[in-house]
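Step one of this worksheet: look at the structure below.
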Amino acid sequence: MQFKEVRRVNLQQIAKHIDFHQQNGTEMDKITIEYPSLHVDDAYEIQRLSIEEAIARGDELIGMKMGLTSVAKQKSVGVEEAIYGRLTRSMELMEPTLGMKGLIHPRVEPEIAFVLKKDLEGENVTVRDVWAATECVIPALEVIDSRYKNFSFTLEDVVADNASSTKFLLGYQAYSPYHTQWDQIKVEMFRNGELVQEGVGAAVLDHPVRSVVELVKMLSRRGESLKAGMVIFTGAITEAINVYEGDQIEVKFDQLGILSLKVEE
Ligand code: OOG
Ligand code: MG
């Protein structure tokens, strides 16, 4: 077998290993322990292959997300680079409740999500292109749950584990992209009535729209693009908080209402 083929078989094997832990909600060692020279490009390929496994079981790719787009997030996990991940239909919470079953050590973070009405592709994409392709903007929560022990990873590990993607909740109310200045939106996150995190939209690359631009550029380097209808999470505005059974999480998006999440058994 040629070297390239050996490498490909390995990436597929690692993808299946990660898919198993994602599916079962069980923790695992960092893959960079076994493969210390794994390149970030390989990690993105592992991510793609692992989501292919889920799609082969009947799941569906319905969006993409950016991660580590704010300094607060980069500092909290010790990875100082924006990353992307894939969102599938089975990750969407249809009710504002989170079941702890099948989760390891979930965290919740506030985000601003874009829904697209046109495809977006290419290295030369602009902010104007993104606005022209945006159907609406929606306040949202993401539930991340790294499959790695102690929620600890390198850049390559977290990329391969689909940027810790697990569940997401979109607010009921969608807004016109022109409704407000998204970089000025203040966000406060409460756990059981206590204020635990606060931030502002500008924490995400100065403006969340820039996160979508960056995502399109990163994808185009790998020959991929965003499709009309996709939901795009632009990255956490604040640090994520650990949540436990019985918690009531409330996130107040200034002028845009409150998103609640009840954490259950
Ligand atoms: C990586 C996922 C980051 C975000 O919004 O920054 C992310 C992690 O923190 O485990 O989704
Ligand atoms: Mg996130």
Side-chain angles (χ1 to χ4, degrees), residues 18 21-22 25 27-32 40 43-44 46-47 50-51 62-88 91-93 98 103-114 137-171 182 185 187 189 196-215 218-219 230-243 249 251 253 259 261:
I18 293 179
H21 288 278
Q22 288 173 343
E27 59 181 15
M28 62 188 187
D29 285 322
K30 287 185 279 203
I31 56 168
T32 53
V40 66
Y44 274 112
I46 292 168
Q47 176 192 118
S50 68
I51 298 305
I62 61 166
M64 302 286 296
K65 70 173 235 189
M66 283 292 272
L68 310 183
T69 44
S70 64
V71 174
K73 279 289 312 195
Q74 293 185 352
K75 288 219 155 31
S76 72
V77 297
V79 175
E80 303 202 340
E81 202 172 305
I83 59 177
Y84 66 78
R86 294 162 200 273
L87 302 177
T88 65
M91 295 178 190
E92 182 166 5
L93 296 172
L98 177 70
L103 302 183
I104 306 163
H105 37 211
R107 296 177 177 178
V108 173
E109 51 188 32
E111 304 218 11
I112 291 171
F114 284 53
V137 180
I138 310 180
L141 298 185
E142 190 186 9
V143 180
I144 52 172
D145 192 24
S146 175
R147 267 53 65 166
Y148 297 113
K149 290 178 183 161
N150 306 316
F151 224 111
S152 159
F153 43 68
T154 67
L155 170 67
E156 292 77 15
D157 292 305
V158 67
V159 166
D161 183 28
N162 195 24
S164 311
S165 303
T166 299
K167 298 283 177 193
F168 63 88
L169 176 73
L170 289 161
W182 298 99
I185 293 298
V187 174
M189 183 155 54
V196 281
Q197 286 291 329
E198 55 189 325
V200 59
V204 175
L205 301 177
D206 293 335
H207 194 300
V209 73
R210 297 189 59 214
S211 181
V212 184
V213 170
E214 195 50 39
L215 174 59
M218 288 171 83
L219 285 172
M230 276 187 165
V231 58
I232 312 300
F233 274 58
T234 54
I237 294 164
T238 71
E239 270 180 50
I241 58 160
N242 289 102
V243 295
I249 308 303
V251 180
F253 289 83
L259 273 183
L261 186 69

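Since the structure is predicted, the reported quantities are computational estimates derived from the model, not experimental observations. Counting starts at 1 for both ligands and their atoms, following the listed order.
- Closest heavy-atom contact between Gln197 and Ile241: CG-CG2, 3.7 Å.
- Gly201 approaches Ile237 most closely through the heavy-atom pair N-CG2, 4.3 Å.
- Comment: Arg147 engages Asp161 in a salt bridge, judged by a side-chain N to carboxylate O separation of less than 4.0 angstrom.
- At a threshold of 4.0 Å, the pair Lys65-Glu111 does not count as salt-bridged, since none of the basic side-chain nitrogens sits closer than that to a carboxylate oxygen.
- Shortest non-hydrogen contact noted between Ala113 and Leu170 is CB-CD2, 3.7 Å.
- Using modelled atom types, one finds no donor on one side chain facing an acceptor on the other under 3.5 Å when comparing Arg107 with Thr166.
- Across every non-hydrogen atom of Ile104 and Asp145, the tightest pair is N-OD2, 2.6 Å.
- A pairwise comparison of heavy atoms in Val251 and Leu141 identifies CG2-CD2, 3.4 Å as the closest pair.
- Within the sub-2.8 Å shell of the Mg ion (ligand 2), the protein contributes these N/O/S atoms: Glu109 OE2, Glu111 OE2, Glu142 OE1.
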Between ligand 1 and the protein, tabulate every N or O atom pair separated by less than 3.5 Å, reporting distance only.
residue, atom, partner, partner atom, Å
ligand 1, 5 (O), Glu109, OE2, 2.7
ligand 1, 5 (O), Glu111, OE2, 3.0
ligand 1, 5 (O), Ala236, N, 2.8
ligand 1, 6 (O), Leu68, N, 2.7
ligand 1, 9 (O), Lys73, NZ, 2.7
ligand 1, 10 (O), Ser164, OG, 2.7
ligand 1, 11 (O), Lys65, NZ, 2.9
ligand 1, 11 (O), Glu109, OE2, 2.9
ligand 1, 11 (O), Glu142, OE1, 3.0

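- Here the closest heavy-atom approach between residue Pro208 and residue Thr234 is recorded as O-CG2, 3.5 Å.
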